[in-house]
Number of protein chains: 2
Amino acid sequence: MATMKRKATINDVARVAGVSKGLVSFALNDRPGVSAETRDRILAVARELDYRPSVSARSLSTRTSYAFGLVIARDPEILGADPFFPSFIAGVERVLTTEGRALVLSVVSDEQHEATVYRTLAADARVDGVFLTDLRHDDPRLALLQELGMPAVTLGRPATSRAQESADPSLTGPSPFPAVVLDDTEGVAALAQHLLDLGHRRIAHVTGPRRMQHATRRGEAFARTLDAAGVASDLVLETDFTAAAGASATDRLLALADAPTAIVYGNDPMAIAGIGIAHERGLRVPDDLSVAGFDDSELARYVYPSLTSVRTDPLSWGESAARMLLRLLAEGHADDIELEPAHVVVRASTGPVRTRATA
Amino acid sequence: MATMKRKATINDVARVAGVSKGLVSFALNDRPGVSAETRDRILAVARELDYRPSVSARSLSTRTSYAFGLVIARDPEILGADPFFPSFIAGVERVLTTEGRALVLSVVSDEQHEATVYRTLAADARVDGVFLTDLRHDDPRLALLQELGMPAVTLGRPATSRAQESADPSLTGPSPFPAVVLDDTEGVAALAQHLLDLGHRRIAHVTGPRRMQHATRRGEAFARTLDAAGVASDLVLETDFTAAAGASATDRLLALADAPTAIVYGNDPMAIAGIGIAHERGLRVPDDLSVAGFDDSELARYVYPSLTSVRTDPLSWGESAARMLLRLLAEGHADDIELEPAHVVVRASTGPVRTRATA
DNA sequence: GAGACGAACTGAACCGGTTTAGAACGAAAC
DNA sequence: GTTTCGTTCTAAACCGGTTCAGTTCGTCTC
C-alpha cells in the first residue's frame with residue numbers, strides 16, 4: 001500500500017470515538033465507569049483502527065513488563081545434551097503467547113554470574129516474574145528474589161534445609177514461592193524395584209551434582225528402596241551431568257572388584273555414555289550390565305540397546321509453571337500444583353542379572 | 001536496611017547535580033554540548049545515587065526495546081535432541097549481557113504460527129532485531145521481516161532461489177540482511193572423501209528437511225564429492241531430523257538389495273539411532289556399516305562406537321551473530337562474517353569397507 | 001564596541017499509556 | 001425545589017526517559 005499507516009495510538013482511538021483517552025483506557029481494561037453503549041463504541045473503533053496498546057508505554061506507567069524470565073545456570077555443553085529445557089520452554093511458550101507475554105531467557109555458565117543477571121532483570125524491570133529451575137540446597141536465589149521483590153514459581157518444592165531450620169525463624173517454614181511439583185521419587189523407586197526384581201543386588205547410582213535438590217531427592221528415594229530390600233546403597237557417584245562424567249564414573253565403577261551389575265544414571269546422556277563404556281570393556285548390555293537413565297529423551301528409544309528410563313513431562317511442567325506465574329501475579333498468590341508423577345519406561349537396557357562367567 | 005530507597009531517576013540525578021534533566025541525559029549518552037567539568041559532576045552523582053536508566057522509559061521515548069529476538073520453529077522433541085540451539089543461545093547471551101540487552105525467545109512448533117509471532121514481536125516493539133536460523137528455501141521470513149522493517153541477521157547466506165531469480169527483480173540479488181556464514185560444505189565434502197578413501201562405494205545420505213537450505217547445501221556438497229569420484233550419489237533420504245526418522249530411514253536403507261556400506265546423517269541423534277538399528281539387524285559398526293553424524297554433539301564422543309561427525313561451533317556462531325546485530329543497529333549496516341569452516345572429526349564409527357560374508 | 005557566533009545549558013514538549021481529581025448531569029430523597 | 005448521590009465522563013498529572021527550540025554568556029571579529 002502507498003500510505004504508510006502509522007500504528008494507531010490510544011489518542012487516535014479517543015479522537016475517532018469522540019471521548020477522552022482516559023475513558024478509552026477504562027473501556028479497554030474492562031473497568032467500571034463506562035456506559036455499555038460508549039464501551040461498545042470505543043471497542044468498535046479500536047478494532048476498526050487495529051489498535052494495539054504499546055507495551056513500552058504500558059510498562060512505563062504500570063511498572064510491569066509483561067514478560068517472564070528464565071535464567072539457566074548450566075554449561076552450554078550440558079544444556080545441549082539435556083532435552084529438559086527445550087521442552088520446558090516450549091510448554092511455557094504455549095501459554096505465554098496466548099497471553100501476550102514474552103519470555104526473556106538468560107543462559108549463564110557459572111552460578112556466580114547468576115545473581116547479577118537476576119539483579120539486572122529486576123533493576124531494569126525486564127520481567128514481572130521468573131521460573132526457578134534446578135533448585136539447589138539452601139538456594140541463594142530464594143533469598144535474593146525475596147530481597148528483590150520478584151515473584152517466582154519454583155519447579156519442585158524447595159526442601160527445608162538443616163541450615164534454614166537452625167537459622168532465623170523467619171526464614172524457616174514453607175517456601176515463599178508457589179511450586180509446580182512433579183514427583184520423581186516414585187519413578188525412581190519403581191526403577192530401583194524393577195532392578196531388584198530382576199535379581200540385581202549390586203546397583204550403582206550415578207547422580208547429578210549433590211547441591212541440586214532433585215539429585216539428592218532422587219538419590220534418597222533410590223537408596224530407600226534398596227535399603228528396604230536389604231541391598232547396599234553405597235555405590236553412589238556424583239557427576240556434573242555431562243556425558244563425559246557419566247563415562248568416567250562408569251569406568252571407575254566397572255573397575256571395582258565387586259563391580260555393580262546395574263547402574264542407574266541421573267540423565268539419559270550419561271546412561272548412553274555408560275553403555276558405550278560397557279561395550280568398550282567387552283560387557284554386554286543388559287546381559288552383563290543393566291543400565292537405566294532419567295528423563296526419557298527421544299534418543300532413549302533408539303540407542304542400542306534401547307534405554308530404560310524414567311519419564312517426566314517437561315512440556316506440561318512448563319505449561320503449569322507459566323499458568324501459575326500468571327495466577328500469582330493476577331491474584332497475589334497461587335496454590336502449589338501436583339503434576340502426574342514420573343514413571344518408569346522399561347526397555348531393553350535392563351535385564352535379569354546373570355552371574356558373570358569370569359566371576 | 002530500614003529505609004526502603006526507591007530507585008533513583010534521572011530527575012534525582014538532575015536535582016542533586018543542580019542541572020536540568022535534559023543535560024543529564026546528554027551527559028549519560030556521551031553527547032556533545034556538555035562541559036567536561038559538568039559531565040564529570042553528573043556522572044559522579046549518577047554513580048553516587050546508583051542511577052540506572054529505566055529501560056521502559058527509554059524504550060518509550062526512543063522506540064527501542066534493547067532486546068533481540070529468536071524465534072525457533074521446531075518441534076520441542078527435535079529441539080531437545082539437537083545441541084545446536086542451547087550452545088548458540090549461550091553464545092548470543094555472552095555478548096548481550098555485557099551490552100545490557102536481553103534475549104526474547106519464542107518456540108513455536110509449526111511454521112504457520114511463526115509469522116504471527118514475528119508480527120507480534122514487531123507490533124509490540126518487543127525486540128529491535130532478530131536472529132534468523134534454519135534458513136529455508138524461498139524463506140517467507142525474509143520478505144516478512146522486510147515488510148515489518150525488522151532488522152535481522154541470518155545464520156548462513158540465503159541462497160538466491162529459482163523462484164526469486166524469475167520473479168520481481170527487486171527481490172533478486174543479495175540478501176537484505178547481513179549473514180554470519182559458517183561453511184559446512186567443506187566439512188561434508190571432507191567427510192565424503194574420508195569414506196571414499198576407506199573404500200566405500202555405496203554411500204547413503206540421510207538429510208534433514210529439504211526445504212532447509214543447510215540440508216540441501218550439504219546434500220549438494222556431498223553429492224558433488226561422490227560424483228567427482230565416479231560414485232553414485234542417489235541414495236538420499238529426507239527426514240525431519242528426529243531420531244525416529246533416522247531410525248526408520250536406516251531400516252529402509254539396510255533392507256535394500258544393494259544396501260549402503262556407509263551412511264551419513266544430517267545430525268548426531270539420527271546417526272546414533274542409525275547405529276542402534278544397525279546393531280539390531282546384527283550388523284557391526286564400522287565393520288559392516290560405517291556411520292557418521294553432523295554437529296559433533298558431546299554425546300558423539302561417548303556412544304559406542306564413538307561417532308565420526310562434522311564439527312561446527314555454535315557458540316561462536318551465536319557470539320558473532322549477536323555482535324553483528326548490534327553493529328547493524330548501531331551503524332545501519334554490517335558486513336558478512338565468515339567463521340572458521342566446519343571440519344570432520346574422525347572417530348570409531350567409520351572404517352574401511354569390508355565385503356560382506358553373505359554378499 | 002556592536003554584532004556574530006558557538007558552547008553550555010534550560011524548559012518544555014513528547015513518547016503512549018494509566019490513574020486520579022473533579023465536573024456535569026440526571027435521578028432519587030426529603 | 002433543593003440537596004444528595006451515583007454514574008459517566010474529562011482534564012490533567014504522572015511514569016522516566018529523549019530531544020529540540022531557544023536563552024544565556026563568553027569570545028572572536030572587524
Side-chain angles (χ1 to χ4, degrees), chain A residues 5-43 45-46 49-67 100-101 122-126 128 329-330, chain B residues 5-43 45-46 49-67 100-101 122-126 128 329-330:
Chain A
K5 54 176 173 187
R6 283 214 321 100
K7 255 195 80 177
T9 73
I10 198 173
N11 283 304
D12 301 327
V13 176
R15 189 166 29 73
V16 174
V19 296
S20 70
K21 69 172 183 171
L23 201 62
V24 174
S25 177
F26 276 32
L28 292 173
N29 293 320
D30 272 327
R31 290 168 49 140
V34 189
S35 73
E37 188 194 359
T38 313
R39 177 187 308 273
D40 290 348
R41 185 157 40 92
I42 292 174
L43 294 181
V45 171
L49 296 182
D50 192 26
Y51 167 72
R52 291 178 54 92
S54 145
V55 175
S56 13
R58 204 146 39 151
S59 297
L60 179 57
S61 68
T62 61
R63 304 162 177 286
T64 295
S65 63
Y66 302 95
R101 318 227 166 193
D124 291 356
R126 283 272 188 188
D128 303 326
L329 289 175
Chain B
K5 55 176 173 188
R6 282 215 322 100
K7 255 196 80 178
T9 73
I10 198 172
N11 282 306
D12 301 329
V13 177
R15 189 165 30 74
V16 174
V19 295
S20 71
K21 69 170 182 172
L23 200 64
V24 175
S25 178
F26 276 32
L28 291 173
N29 293 319
D30 273 326
R31 291 168 48 142
V34 189
S35 73
E37 188 195 358
T38 312
R39 175 185 311 271
D40 290 348
R41 183 157 42 92
I42 292 174
L43 293 181
V45 170
L49 297 182
D50 192 27
Y51 167 72
R52 291 178 53 92
S54 145
V55 175
S56 13
R58 206 151 32 156
S59 296
L60 179 57
S61 68
T62 60
R63 302 162 178 290
T64 295
S65 63
Y66 302 95
R101 318 226 165 195
D124 291 356
R126 284 273 190 190
D128 304 326
L329 288 175

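Worth knowing before you read on, the calculation uses all heavy atoms, side chains too, and leaves out hydrogens, waters and symmetry mates.
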Closest heavy-atom pair, Val34(B) versus Ala27(B), reported as atoms and distance to 0.1 Å, is CG2-N, 4.1 Å
Helical bend (five base pairs per end, nearest 10°) for the helix from dG1(C)-dC30(D) to dC30(C)-dG1(D) | 50°
When you check every protein heavy atom under 4.0 Å of nucleotides 9-14 of chain D, what one-letter string (B, S, -) results, 5' to 3'?
-> BB----
One should read off an interatomic distance between Thr38(B) OG1 and Leu23(B) CG, to the nearest 0.5 angstrom, of 6.5 Å
Could you tell me the separation between the CZ atom of Arg101(B) and the CG atom of Asp124(A), rounded to the nearest 0.5 Å?
-> 12.0 Å
According to a strict under-4.0 Å criterion, is Arg31(B) in side-chain N/O contact with OP1 or OP2 of dT18(D)?
-> no
Taking atom CD1 of Ile10(B) and atom CG of Leu28(B), what is their separation to the nearest 0.5 Å?
-> 6.0 Å
Supply the atom-to-atom distance Asp128(B) CG to Ser59(B) OG, rounded to the nearest 0.5 angstrom.
-> 7.5 Å
The first and last nucleotides of DNA chain C lying within contact of chain A, meaning any atom under 4.0 Å from one of its heavy atoms, run from dG16(C) to dT20(C)
Which atoms form the tightest heavy-atom contact between Leu60(B) and Ser54(A), and what is the distance?
-> CD1-OG, 4.5 Å
SB check Lys7(B) Asp12(B) (cutoff 4.0 Å) = no
Pairwise distance CG(Asn11(A)) to OH(Tyr51(A)) - rounded to 0.5 angstrom = 9.0 Å
dist Ser56(B):OG -> Arg58(A):CZ (nearest 0.5 Å) comes out at 13.0 Å
Let me know the distance between CG of Asn29(B) and C1' of dC20(D), rounded to the nearest Å.
-> 15 Å
Hey, does Ser25(B) reach any base, or is it just sugar-phosphate, or nothing, if we go heavy atoms under 4.0 Å?
-> base
Between dT19(D) (C1') and Leu28(B) (CG): distance, integer Å | 15 Å
Any idea which heavy atoms bring Gly100(A) and Arg126(B) closest together, and the distance?
-> O-NH2, 3.1 Å
